[in-house]
Amino acid sequence: MMTLAAGPAFALDKLSLILGQHTPPLMNTLNLVAEGAGLYKEEGLEVTTTLVDNSTLALMTCANGKGDICPAAIEPLVNHYDEGVRMKMLLGRESKFGNVIAVPQDSAIKSFADLKGKTIGVHSATGSAGVFTTQSALSAAGLQPSDTKFVSIGMDKEAMGALTSGRVQAVGLPVYELVPFMMSGAKLRVFRHPVLADVANGGYAVAPSILATRADAIGRFSRAVVKSSLLIRYNPSAAARAMLKAQGKPMAEAEVKRLAGDLEAWQDDLPAFDPDSKRIGAMSQEGVQRYIQLLKDAGLSKRAIAASEVVTDQFIAFANDFDRKAFEQRAKAMK
């Protein structure tokens, strides 16, 4: 049986999820599992996904009220704030800082200091979130912007090819993009953010107008995502099948096993790293505030706005309020 619930008999509330079309599948793990496992329907929701050209356009679409929910990084919410963009992160997609710096395991680079003078690849070197996250880590480690060079290397296989070919000496990429390659045998040395490793910097963002008018549906979306993160923790194979179903892909056992391995390797970075927590998905306002100040001090943003302007825990209690033991039993029994 593929789903955890057949869904309610009444009409489903509709929500739209806006995504940049070139994002790797693992980035969308939580919403794909929620869709494929029937968790949205269990919460009385019909969630449609719309793909746009890139993550910046996705954010602006939601900020302009033309979409309900946008998976996003915290950096553009901060850096577009003075341009009038008002978005709030309501639920973290990860439990830790999502971006890392990676080098080949046999590289002479064994510390942040060794990155001085090196070329670092990021998705896009023109003001992307990857530049901000990577530069913030370098700055926290004592390196100046002039100490390294950033170049654009694209995503996924293209990005990894730039590293393995030696075109760049390091990459600043999301953990989820590296996991499949590491599970396939790529030997990498990974550097976590030196001061913000346990601070989530990505999640699901909504405009204040949506918070005001769709709060009930947004709360149920949040609960579906929390359940999704728990399903991944309790039963990675079932979560892998749900992901493949949501993408319309064949569920060959070899692919299920591969994807389940990726999910299991990534579990401690996902929101349900502590499945007993009653605050799964919560983003630390104190940690986000430190990050915002670091971005300002490093010259990566104009000013240090209050974290409460871009992060809210309004839905965390509701999202975590369900029978955990019953859900755990169902999740573990799912095939």
Expected output: side-chain [X] to main-chain [Y] donor-acceptor under 3.5 Å:
{"X": "Arg93", "Y": "Gly202", "answer": "no"}
{"X": "Gln267", "Y": "Ile232", "answer": "yes"}
{"X": "Glu309", "Y": "Lys88", "answer": "no"}
{"X": "Ser165", "Y": "Ala162", "answer": "yes"}
{"X": "Arg324", "Y": "Ser277", "answer": "yes"}
{"X": "Arg241", "Y": "Lys335", "answer": "no"}
{"X": "Arg189", "Y": "Gln105", "answer": "yes"}
{"X": "Ser95", "Y": "Asp268", "answer": "yes"}
{"X": "Asn201", "Y": "Ile74", "answer": "no"}
{"X": "Gln169", "Y": "Thr119", "answer": "yes"}

Any chain of hydrophobic side-chain contacts (each under 4.5 Å) joining [X] to [Y]?
{"X": "Ile120", "Y": "Leu143", "result": "yes"}
{"X": "Val52", "Y": "Met87", "result": "no"}
{"X": "Met251", "Y": "Leu263", "result": "yes"}
{"X": "Phe132", "Y": "Met89", "result": "yes"}
{"X": "Val151", "Y": "Val100", "result": "yes"}

Quiz prompt | Residue pair Trp266, Thr29: steps toward the side-chain contact (heavy atoms from CB on, under 4.5 Å) verdict | solution = CA-CA 11 Å; Trp266 193 32; Thr29 291; 3.4 Å; yes
[X] to [Y] - nearest heavy-atom pair and separation:
{"X": "Pro76", "Y": "Ala129", "value": "CD-CB, 4.5 Å"}
{"X": "Ala265", "Y": "Val179", "value": "CB-CG1, 4.3 Å"}
{"X": "Leu26", "Y": "Tyr176", "value": "CD1-O, 3.3 Å"}
{"X": "Ala319", "Y": "Arg223", "value": "O-CG, 3.2 Å"}
{"X": "Ala331", "Y": "Asn235", "value": "O-ND2, 2.9 Å"}
{"X": "Ile18", "Y": "Pro71", "value": "O-CD, 3.4 Å"}

Quiz item: Pairs in or reaching into residues 269-297: which pass ring-ring contact (aromatic ring centres under 6.0 Å, His included), with residues at least two apart or in two chains?
Solution: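 Sorted result for residues 269-297: Phe97-Tyr291.
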[X] side, atom [atom1]; [Y] side, atom [atom2] - distance, nearest 0.5 Å:
{"X": "Ile292", "Y": "Asn79", "atom1": "CD1", "atom2": "CG", "answer": "9.5 Å"}
{"X": "Asp68", "Y": "Thr61", "atom1": "CG", "atom2": "OG1", "answer": "11.5 Å"}
{"X": "Glu75", "Y": "Leu295", "atom1": "CD", "atom2": "CG", "answer": "6.5 Å"}
{"X": "Tyr204", "Y": "Asn31", "atom1": "OH", "atom2": "CG", "answer": "3.5 Å"}
{"X": "Met160", "Y": "Leu188", "atom1": "CE", "atom2": "CG", "answer": "5.5 Å"}
{"X": "Gln247", "Y": "Leu259", "atom1": "CD", "atom2": "CG", "answer": "7.5 Å"}

Counting C-beta onward and ignoring hydrogens, is there a side-chain heavy-atom pair between [X] and [Y] closer than 4.5 Å?
{"X": "Gln289", "Y": "Glu286", "value": "no"}
{"X": "Phe150", "Y": "Gln135", "value": "yes"}
{"X": "Lys14", "Y": "Thr48", "value": "no"}
{"X": "Leu270", "Y": "Arg233", "value": "no"}
{"X": "Gln144", "Y": "Asp147", "value": "yes"}
{"X": "Val47", "Y": "Leu12", "value": "no"}
{"X": "Pro104", "Y": "Leu163", "value": "yes"}
{"X": "His193", "Y": "Ser136", "value": "yes"}

Self-check item: Partner residues of Asn64 under the side chain to side chain donor-acceptor pair (under 3.5 Å) criterion, sequence neighbours left out
Solution: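 Asn64 satisfies side chain to side chain donor-acceptor pair (under 3.5 Å) with no residue once adjacent residues are dropped.
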Quiz item: Looking at residues at least two apart in the chain, or sitting in another chain, which of them share a ring pair (Phe, Tyr, Trp, His ring centres under 6.0 Å) with His123?
Solution: none
Self-check item: All ring pair (Phe, Tyr, Trp, His ring centres under 6.0 Å) counterparts of Phe318, not counting sequence neighbours
Solution: none
Quiz item: Using 30° and 60° as the class limits, which term best fits the ring planes of Phe327 and Tyr234: parallel, tilted or perpendicular?
Solution: tilted
Quiz item: Is a salt bridge present between Asp323 and Arg330, judged by a nitrogen-to-oxygen distance below 4.0 Å?
Solution: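 No, no charged N to carboxylate O under 4.0 Å.
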Quiz prompt | Check ion pair Lys257-Glu253 (N to O, under 4.0 angstrom) | solution =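 Answer for the salt bridge query: no.
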Quiz item: Counting only heavy atoms not in Lys187, do more than 12 sit closer than 6.0 Å to its NZ atom?
Solution: no
Quiz item: Should the heavy atoms of other residues, nucleotides or ligands under 6.0 Å from NZ of Lys118 be counted, would the total exceed 12?
Solution: yes
Quiz item: Taking it one step at a time, do Lys227 and Leu230 satisfy side-chain contact (heavy atoms from CB on, under 4.5 Å)?
Solution: CA-CA 5 Å; Lys227 289 179 177 179; Leu230 284 167; 5.6 Å; no
Quiz item: Which residues satisfy the side-chain contact (heavy atoms from CB on, under 4.5 Å) test with Thr213, sequence neighbours excluded?
Solution: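 None.
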Exercise. May I have the step-by-step check of side-chain contact (heavy atoms from CB on, under 4.5 Å) for Phe112 and Leu115, ending in yes or no?
Key: CA-CA 5 Å; Phe112 277 97; Leu115 288 164; 4.1 Å; yes
Self-check item: Residues forming a salt bridge (Lys or Arg N to Asp or Glu O under 4.0 Å) with Arg279, sequence neighbours excluded
Solution: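 For Arg279, the residues satisfying salt bridge (Lys or Arg N to Asp or Glu O under 4.0 Å) (neighbours in sequence not counted) are Asp313.
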Quiz item: Would Asn28 and Thr49 satisfy side-chain contact (heavy atoms from CB on, under 4.5 Å), going step by step from the backbone distance to the final call?
Solution: CA-CA 11 Å; Asn28 298 308; Thr49 299; over 6 Å; no
